[in-house]
Chemist: 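Structure incoming, see below.
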Number of protein chains: 2
Amino acid sequence: MKMVAARAGVSVATVSFVLSGRPSGRVAASAETAERVRAIAEELGYRPNQAARAVRTGRSGLVLLSLTQLSDPWCQSVSQAVSAAASGHRLQPLILADGDWGDVLDGQPVDAAFLDAASADDLPRIRTLVDRGLQLIVFSDDLEPDGFDVIRSPQRPGCELAMAHLLASHSRIGCLTGTDPDRPGWHREHAYLDALQQAGIERRPDDLQRYTRDQVGVYEAALRMLDREDRPTAVFAASDFAAITAINVALRLGLSVPDDLAVVGVGNTEEGALMHPSLTSAGPTDFFASLAELIITVAGRPTDHRPRRHDFPWRVHLRESSPA
Amino acid sequence: MKMVAARAGVSVATVSFVLSGRPSGRVAASAETAERVRAIAEELGYRPNQAARAVRTGRSGLVLLSLTQLSDPWCQSVSQAVSAAASGHRLQPLILADGDWGDVLDGQPVDAAFLDAASADDLPRIRTLVDRGLQLIVFSDDLEPDGFDVIRSPQRPGCELAMAHLLASHSRIGCLTGTDPDRPGWHREHAYLDALQQAGIERRPDDLQRYTRDQVGVYEAALRMLDREDRPTAVFAASDFAAITAINVALRLGLSVPDDLAVVGVGNTEEGALMHPSLTSAGPTDFFASLAELIITVAGRPTDHRPRRHDFPWRVHLRESSPA
DNA sequence: TTGTAAGCGTTATCAC
DNA sequence: GTGATAACGCTTACAA
């Protein structure tokens, strides 16, 4: 910056004013000066040192996304949506993969941070960060906003809706679900089991098929459930991916969807919406885009933002695989 | 820091010296002073501002991983390995997902950066960064080291090895490969086709099965290839995942692996090594751990590191699915 | 419209 | 063994 100033025959302050482009008390710079400064900066390949800027202004242009399971498509969607929303805002999202967000946020000055999971145990550390002025957005089914934003999108009632939808027209319902719990504390198959019980329908062992993490497992679990005379007439799948597989297996077995088999997924992914037949799925609406917009907005305006709760209730998104 | 110094009755310099723990010309601090400073810092919840530290020292403690496809298991392995290697080194790896590394590295001072792809077109920008003192590690089949490290792990000769291995004992070889190119410029099926041609073996259309990105597709492609009398006696799969699926399909069809069907994968993943029967696979050895170690070492020692080329040649790792 | 100078939080040098 | 002090690169209130 000093070099640019010298070469342009102006002061460092003027260079800063011209290049940072922010209103800093000064009113304007002459078009001529500004042009000259910009040209020389370009020629010299000057790039502002963000760390120094951060020391002075307290703003680094960084947005931290703390994501637990990089392999989870959910995380990939978050990352993608935030990147898209950030472009043009001079904000750079970076991902902390399965790391200790406390360590990073303690030292690195970031403009905003998103935590994909947090419990009451984390509240003390969250409090410290918030007190220090960090803009925090937390995805949590338990926490309430308190100086930080909370994204609330509870699965359980959504899964119940999906089961209620199926129970309206079916009494033989299968469940296709993963073996390892998606989130601690509650498994999606509970929504299935509880709904059956409340409807007074006896549970048939073969109608609940669990698959292991890997993808071949889903295919085989779907076959176990569907490749028999006495198959269910509807399937509640614990993820859209499993639902899509179930539909593929059904079609392969010569069944018609939804006539011979109705299918409902969970997650309301784009993939499900685009397939044929399109997939009925329980999930929040516009989740990723709205979340991303919130993060970027909050990062941009440290001041006039009042943290609150953002509810993304789950709906059953009716599509071809299981119409109304 | 000022507050800590005041409360401890020492100067800011002493606090810095005690807490940063680095040799800065000073020799030592009295145990008593050091203890008092640490206690007060703890009590006040003092955390060093990394941005300010970076301004002064030029080191931020950040390592940037620029990864193109977050959904690619390869990226997840890189991330995981680097995180593991970084712990205990006061280095924090952060991921830039499918973003413009130039933008980030221009401004944010990071101690080292890894680029998962770069071509000759990127050389000017790379040069600028290197000149500015950035430690850069680039995964590339073309570039040569020049102030930055190059990770070289060429697929093509590795895939040729795999085909040569199969051709030693088989003449009917199938190929299971994805439809979308893994990396630009060359598809793994070319290794298959070229090897067949050079061996003077006629290519049978049904022996080459392409699958679409999604995982159900792999299962179905494997079925198309194997669920017929006139099936190949060996399969070259373009990824370990596809190879694992092929083995599962073969076993499901009542075939014995490797007696009825030999299978070779690509990537040398841990998953393949651990399955039963274990998977013969072409790939580099110790790739992720070595890469991670290199990145962390380079980030730690900006000075006495002479950038060079790091070769990870591909071998055929012989295991049960296709013994020697 | 521009320059001067103070200051952000930290570390390095040097004199005490 | 410790404290002043300058400096890192940048922004900004204020004076010119």
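The sequence lines fix the lettering, A, B, ..., with proteins before strands; numbering per chain opens at 1. Values below: every heavy atom of this structure, side chains too, minus hydrogens, waters and symmetry copies.
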Chemist: Which atom pair, heavy atoms only, marks the closest approach of A:A299 to A:V63?
Modeler: CB-CG2, 3.8 Å
Chemist: Would you kindly give the CZ-to-P distance between A:R132 and C:dG9, to the nearest whole Å?
Modeler: 13 Å
Chemist: Only pairs under 3.5 Å count here: list side-chain donor-acceptor contacts from residues 140-154 of chain A, not counting sequence neighbours, and write none if there are none.
Modeler:
unit_1, atom_1, unit_2, atom_2, d
A:S140, OG, A:D142, N, 3.0
A:S140, OG, A:L143, N, 3.0
A:E144, OE2, A:R309, NH1, 3.3
A:D146, OD1, A:R127, NH2, 3.4
A:D146, OD2, A:R127, NH2, 3.0
A:D149, OD1, A:H305, NE2, 2.6
A:D149, OD2, A:H305, NE2, 3.2
A:D149, OD2, A:R308, N, 3.1
A:D149, OD2, A:H310, NE2, 2.6
A:R152, NE, A:S140, O, 3.0
A:R152, NH2, A:L143, O, 2.2
A:S153, OG, A:F312, O, 3.0
A:S153, OG, A:W314, NE1, 2.8

Chemist: Check the distance between D:dG1's P and B:F17's CZ and give it to me in whole angstrom.
Modeler: 9 Å
Chemist: Please report the distance, rounded to the nearest Å, between CG in A:D106 and P in C:dG9.
Modeler: 16 Å
Chemist: If you draw a 6.0 Å radius around CD in A:E35, do more than 12 non-hydrogen atoms from other residues or ligands fall strictly inside?
Modeler: yes
Chemist: Would you list the pairs meeting salt bridge (charged side-chain N to carboxylate O under 4.0 Å, His left out) in which at least one residue belongs to residues 75-95 of chain A, sequence neighbours left out?
Modeler: none
Chemist: Can you figure out which of C:dC8, D:dT11, D:dC8 approaches the side chain of A:V55 most closely?
Modeler: C:dC8
Chemist: Any side-chain heavy atom of B:I137 sitting closer than 4.5 Å to one from B:L115?
Modeler: no
Chemist: Do A:R56 and D:dT11 share a donor-acceptor pair, side chain to base, under 3.5 Å?
Modeler: yes
Chemist: Using a strict threshold of under 4.0 Å (side-chain N to carboxylate O), is an ion pair present between A:R301 and A:D111?
Modeler: no
Chemist: Side-chain polar contacts of residues 80-88 of chain B - donor-acceptor pairs under 3.5 angstrom, sequence neighbours left out - could you list them?
Modeler:
unit_1, atom_1, unit_2, atom_2, d
B:S83, OG, B:S79, O, 3.0
B:S87, OG, B:A84, O, 3.1

Chemist: Mind grabbing the angle between the end helix axes of the helix from C:dT1-D:dA16 to C:dC16-D:dG1? Five pairs an end, 10° rounding.
Modeler: 40°
Chemist: Between B:F139 and B:W74, is the ring centroid distance below 6.0 Å?
Modeler: yes
Chemist: D:dT11, C:dT11, D:dT2: which one has an atom nearest the side-chain heavy atoms of B:S30?
Modeler: D:dT2
Chemist: Roughly, in whole Å, what's the span from OH in A:Y46 to C1' in D:dC10?
Modeler: 7 Å
Chemist: Counting only pairs under 3.5 Å, give me each side-chain donor-acceptor contact of residues 8-16 of chain B, with atom names and distances, residues two or more places apart or in other chains.
Modeler:
unit_1, atom_1, unit_2, atom_2, d
B:S11, OG, B:A13, N, 3.4
B:S11, OG, B:T14, N, 3.2
B:S11, OG, B:T14, OG1, 3.2

Chemist: Does a nitrogen or oxygen in the side chain of B:R53 sit under 4.0 Å from OP1 or OP2 of C:dG9?
Modeler: no
Chemist: If I take atom CD in residue B:Q50 and atom C1' in nucleotide D:dC8, what distance separates them, rounded to the nearest angstrom?
Modeler: 15 Å
Chemist: Between A:T33 and C:dT2, does any side-chain N or O lie under 4.0 Å from OP1 or OP2?
Modeler: yes
Chemist: Roughly, in whole Å, what's the span from NZ in A:K2 to C1' in C:dT4?
Modeler: 15 Å
Chemist: Rounding to an integer number of Å, can you tell me how far B:L19 CG sits from C:dG9 P?
Modeler: 16 Å
Chemist: Can you sort out which residues in residues 3-14 of chain A have a heavy atom within less than 4.0 Å of DNA chain C? Ascending by number, please.
Modeler: A:G9, A:V10, A:S11, A:A13, A:T14
Chemist: Applying a 4.0 Å non-hydrogen cut-off, can you work out what A:S16 is touching in the nucleic acid: base, sugar-phosphate, or nothing?
Modeler: base
Chemist: Rounded to whole angstrom units, what separation is found between the CE atom of B:M1 and the C1' atom of D:dC8?
Modeler: 14 Å
